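Encoded as structure tokens, the structure appears first; notes follow it.
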Amino acid sequence: MTAVRQVDVLVVGAGPAGLAAAARLATAGAGRVEVLERETRPGGVPRHCAHGGFGTWTRPLTGPSYAHLLAAAAERAGAVVRTRTTVLDWEVAATCGTNVLLTVGPEGPEALAARAVVLATGARERPRAARLVPGTRPAGVYTTGELQQAVHLFGQRIGTRVVVVGARDVSYAAARTVRTAGAEVVALVTEHPRARTSPARARSARLVQGVPLLTDTTVTELLGHGRLSGVRVRHRDGRTTVLPCDTVVFTGDFVPDHELARRGALDLDPGTRGPAVHTALHTSRPGVFAAGNLLHAVEPAGTAAREGARAAAAVLRHLAGAPWPHPGIPVTVESPLRWITPNRLTPNLLTPDRSHPAAAPPPPHLLRIEAPLPRLVLYVHQDGRLLHRARLGVRTAQPHRTLTLGVSWHGRVDPEGGEVRVSAG
Amino acid sequence: MKDARDPLPGPPTVTVEGALPDRPYDIAIVGAGVVGCAIARRLARHPRLSVALIEAQDDVGQGTSKANTAILHTGFDAVPGTLEARLVREGHARLATYAAESGIPVEPVGALLVAWDEEQLAALPGLAAKATANFCDEARLLSGAELYAREPHLGPGALGALHIPGESIICPWTTTLAYATQAVRAGVELHLNAAVEKATWDGGHHLHTSRGTLRARHLVNAAGLGADTLDRRLGHEDFTVTPRRGQLLVFDTFARPLVRHILLPVPTALGKGVLVAPTVYGKVLLGPTAEDLDDKRATGTTAEGIALLRERGRRVLPALVEEEVIAAYAGLRAATGQEDYRIAAHPERSYVTVGGIRSTGLTASLAIAEHIAGLLADSGLDLGPERDLEPVPMPNLGEAFPRPHQRPELIAADPAYGTLVCHCERVSLGEIRDALAGPIPPRGPDGLRRRTRARAGRCQGFYCGAAVRELLERQGGSGRA
């Protein structure tokens with residue numbers, strides 16, 4: 001067995017959440033902070049998002065510049081960012097209360113013990129196989145992630161006629177990448193009745209760029225031997241058509257990349273499929289925190305980065321000796337709500353201002369819905385008792401927009417009671 | 001047996017384009033699937049023979065050989081007394097030994113034939129007797145309690161099982177590639193992208209292909225799904241291949257702890273039915289369907305097939321269908337309407353046909369090759385002296401054995417084995433580089449996947465697809481034989 005090397009904090013994943021956590025921790029003097037990143041460069045998904053929309057209102061940035069800025073900030077603060085280093089698993093034999101991660105990289109295997117671990121392994125799109133799209137297995141089938149890396153990081157050629165599956169923000173970003181690569185977007189195809197993006201963006205794609213949007217349309221089969229020759233689609237009325245194309249991009253449908261969380265036997269939340277976390281981002285495994293799109297696939301990079309910083313604050317309290325919260329009370333959602341995060345409440349952390357003066361008040365919960373809902377009202381119940389009712393504005397709530405639920409009701413949760421259920425009315 | 005007079009073979013000849021060699025070969029084998037490659041490897045033991053292995057596609061093992069259930073069968077359920085029963089039994093023993101020598105991953109997990117109703121339960125003793133008739137003596141009946149003790153995640157309602165300890169799982173990709181690699185290293189010439197369009201005989205064979213004409217004194221037809229077509233072109237009517245499509249789903253790594261054995265249903269007239277089996281890559285396979293078709297190119301999956309598999313899977317192993325599907329594929333088995341292989345020698349035409357090699361072809365491949373060598377010798381071909389072949393150590397793709405990234409000494413010698421490119425399947429830069437530089441290099445991402453597992457995991461290239469393609473394209477010129 002390799003000798004175990006001791007560090008103070010290990011951050012797994014050098015995307016926005018991990019880098020922000022590392023920067024905050026190193027700045028605060030948390031000791032030796034190492035960020036383990038399996039890719040060749042830090043930055044996470046923004047590395048290959050060549051479009052803008054990152055950074056702040058006052059300082060807008062493209063994805064790659066944002067990635068660069070976050071990595072530079074973490075390293076300047078004194079965190080060590082180790083790329084090409086893969087965390088393979090948790091050391092099972094590690095003594096109770098310590099976490100030992102087994103890694104491999106060009107320098108060989110290593111066992112790293114840490115006083116705290118922050119999981120920030122991000123999210124990925126579900127590819128064609130997971131979506132159970134039938135047909136042959138030709139070349140020319142992409143996810144947005146692969147497409148963006150192919151075009152923006154490697155300058156590879158893609159096909160000439162491309163169908164984009166999905167009509168969300170990420171789908172429009174994929175369509176833009178397709179055009180950057182000199183190919184034609186045959187259509188955006190969505191099973192929903194309208195695009196799930198801003199009306200301005202959908203209009204601009206349709207009218208200015210001439211990209212057709214096929215709504216209420218499902219991809220039912222991929223065709224072609226060797227190279228893709230087309231996709232068969234079914235419209236709402238049951239008609240089927242073949243869209244001739246040599247490339248198809250499956251966009252969106254993000255899921256947390258939770259392999260390491262599962263290997264570590266962390267409790268997962270059934271809604272997000274990421275680790276269940278308390279308001280201060282503790283997971284069910286002592287010493288292990290989680291942040292970023294591992295918790296909610298997917299929110300903008302800025303949200304992930306702010307969460308990284310929040311996780312860092314909790315890590316600092318943990319390093320200072322704060323107790324690990326009890327398993328806590330689950331917060332669950334009912335359809336048409338998809339998920340909520342954080343999704344555990346801990347009685348002893350319900351009023352953090354008093355018990356831990358250093359802690360900031362918890363930020364609101366984040367939620368997503370399955371379909372557009374006009375005049376949405378959220379209800380929070382525990383054991384049949386209404387704890388809170390929140391009207392979310394007069395505009396129709398949209399599935400592609402983040403909803404928030406404030407925390408004013410936390411004080412009314414019965415620490416001895418059952419799970420807290422959030423529903424829509 | 002090594003003949004000291006044999007010159008050492010030169011560098012392997014593997015061609016993908018250009019005109020085929022003009023000089024006649026002693027033997028041409030049509031079809032570089034697992035059976036064709038095994039025959040080529042067998043004939044390579046005879047250094048005086050000049051052997052061509054020709055394949056319509058751009059890689060070995062591209063047809064039925066790549067899309068099967070990856071099981072090394074004992075032959076317990078074969079029809080006793082058939083050629084298939086004998087060749088599967090012999091092939092099992094030969095391949096198990098060969099796999100251990102060559103580093104082909106095999107896991108002897110054993111199979112359970114699960115009875116879900118009284119009728120199936122009543123059929124188990126008969127199947128046990130059949131197993132005994134097939135020299136498979138270790139088969140044993142299990143009660144319901146014994147069954148659930150072995151498979152705690154099995155769905156409710158199973159009444160008992162027949163345990164066949166000898167059934168194993170194997171890597172079909174490495175097996176075919178090992179045969180082909182050993183064959184070309186020993187002097188067999190492999191010509192890819194050479195589809196036989198017409199075949200004539202005038203005392204010798206003339207195979208008219210998309211890359212020109214290839215001449216050979218003897219011909220072995222191992223064309224799998226295309227074997228009947230080639231047979232007819234030569235004026236024979238030995239059999240008709242009816243493709244039987246088998247759709248399969250592969251579930252992610254997290255499903256692997258749910259199942260310990262190959263879980264088989266009690267067989268029906270249509271085939272062996274839908275099974276659940278672990279794979280040597282640490283995944284779980286669910287399939288195959290059995291659909292008789294006319295179209296030999298219908299290798300697509302269908303919504304109905306996928307739905308049927310998920311419904312069956314949910315009954316056998318309910319937790320399985322909660323996990324993510326990482327691949328769905330379909331293979332076409334070469335059914336001939338007969339319950340046996342269709343191997344026939346036509347000595348007067350210097351021709352041997354290897355037809356109807358169904359799902360057991362992988363298991364039987366080495367025994368089929370031995371059988372074919374015998375038929376060729378009987379038909380008047382002087383095979384000449386025989387030698388042992390140099391073993392080929394194949395890169396390990398299996399989870400039950402150390403992978404390169406788990407071998408510190410390998411990484412210390414070459415850091416590329418510690419640099420992971422495909423994260424889901426933990427494939428290192430070193431493995432990809434080695435595959436690209438191999439004697440039979442991959443022509444694209446699919447060929448690379450079968451040699452390394454790169455891109456075969458849950459993300460299907462979201463993370464590494466572009467980087468893998470970059471390595472393939474950079475290799476482009478020099479990696480091509």
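In what follows, chains are A, B, ... by sequence order, proteins preceding strands, each numbered from 1. Everything quoted here is computed from the prediction, not taken from an experiment.
With respect to the salt-bridge test (charged N to carboxylate O, under 4.0 angstrom), the residues B:Glu324 and A:Arg131 do not qualify. Between A:Arg262 and B:Glu323 there is a salt bridge, with a side-chain nitrogen of the basic residue lying less than 4.0 Å from a carboxylate oxygen of the acidic one.
At distances below 3.5 Å, not a single donor-acceptor pair connects side-chain atoms of B:His405 with backbone N or O atoms of A:Val104. Between the side chain of A:Thr136 and the main chain of B:Gly300, no donor-acceptor pair closer than 3.5 Å is present. Side-chain atoms of B:Glu470 never come within 3.5 Å of backbone atoms of A:Leu153 as a donor-acceptor pair (strictly under, hydrogens ignored).
Side-chain contact check for A:His225 versus B:Arg297: some heavy-atom pair is nearer than 4.5 Å. Considering only heavy atoms from C-beta on, A:Glu125 stays 4.5 Å or farther from B:Gln460 through its side chain.
Chosen from A:Ala139, A:Gly226, A:Gly135, the residue pairing most often with chain B at heavy-atom distances under 4.5 Å is A:Gly135. For the options B:Ala327, B:Ala298, B:Pro415, heavy-atom pairs under 4.5 Å to chain A are most numerous at B:Pro415. Between chain A and the options B:Pro445, B:Cys424, B:Gly418, the largest number of non-hydrogen pairs under 4.5 Å is found for B:Gly418.
Both the backbone and the side chain of B:Ala467 come within contact range of chain A, judged by heavy atoms closer than 4.5 Å. Contact annotation for B:Ala328: only backbone heavy atoms (N, CA, C, O) come within less than 4.5 Å of a heavy atom of chain A. Residue contact with chain B, scored on non-hydrogen atoms closer than 4.5 Å, involves the side chain of A:Tyr142 exclusively. With a 4.5 angstrom heavy-atom cutoff, B:Arg426 touches chain A only via side-chain atoms. Neither the backbone nor the side chain of A:Arg232 comes within less than 4.5 Å of any heavy atom in chain B. Within the 4.5 angstrom heavy-atom criterion, atoms from both the backbone and the side chain of A:Leu88 approach chain B. Proximity to chain A (any heavy atom under 4.5 Å) is restricted, for B:Ile306, to the side chain, taken from C-beta onward.
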Exercise. Check the pair A:Arg124 / B:Arg458 against side-chain contact (heavy atoms from CB on, under 4.5 Å), numbers first and verdict last.
Key: CA-CA 10 Å; A:Arg124 60 175 175 83; B:Arg458 65 183 72 92; 3.3 Å; yes
Exercise. Kindly indicate, with the supporting measurements, whether the criterion side-chain contact (heavy atoms from CB on, under 4.5 Å) is fulfilled by B:Thr299 and A:Arg137.
Key: CA-CA 8 Å; B:Thr299 54; A:Arg137 297 173 83 191; over 6 Å; no
Quiz prompt | Derivation of the side-chain contact (heavy atoms from CB on, under 4.5 Å) call for B:Tyr463 and A:Glu39 | solution = CA-CA 9 Å; B:Tyr463 291 115; A:Glu39 297 292 343; 4.1 Å; yes
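With sequence neighbours excluded, no residue satisfies ring-ring contact (aromatic ring centres under 6.0 Å, His included) with B:His423.
Residues B:Ala466 and A:Ala150 come closest through the heavy atom pair CB-N, 3.5 Å. Pairing each heavy atom of B:Ile411 with each of A:Glu107, the nearest pair is CG2-C, 4.4 Å. Listed here is the closest heavy atom pair of A:Pro106 and B:Thr419: CG-OG1, 3.4 Å.
For residues 281-332 of chain B, the set of pairs meeting the ring pair (Phe, Tyr, Trp, His ring centres under 6.0 Å) definition, not counting sequence neighbours, comprises B:Trp173-B:Tyr281.
Within the cation-pi definition used here (under 6.0 Å to the ring centroid, within 45° of the axis), A:Arg263 does not qualify as a partner of B:Phe254.
More than 12 heavy atoms of other residues, nucleotides or ligands shown are found within 6.0 angstrom of CZ on A:Arg179.
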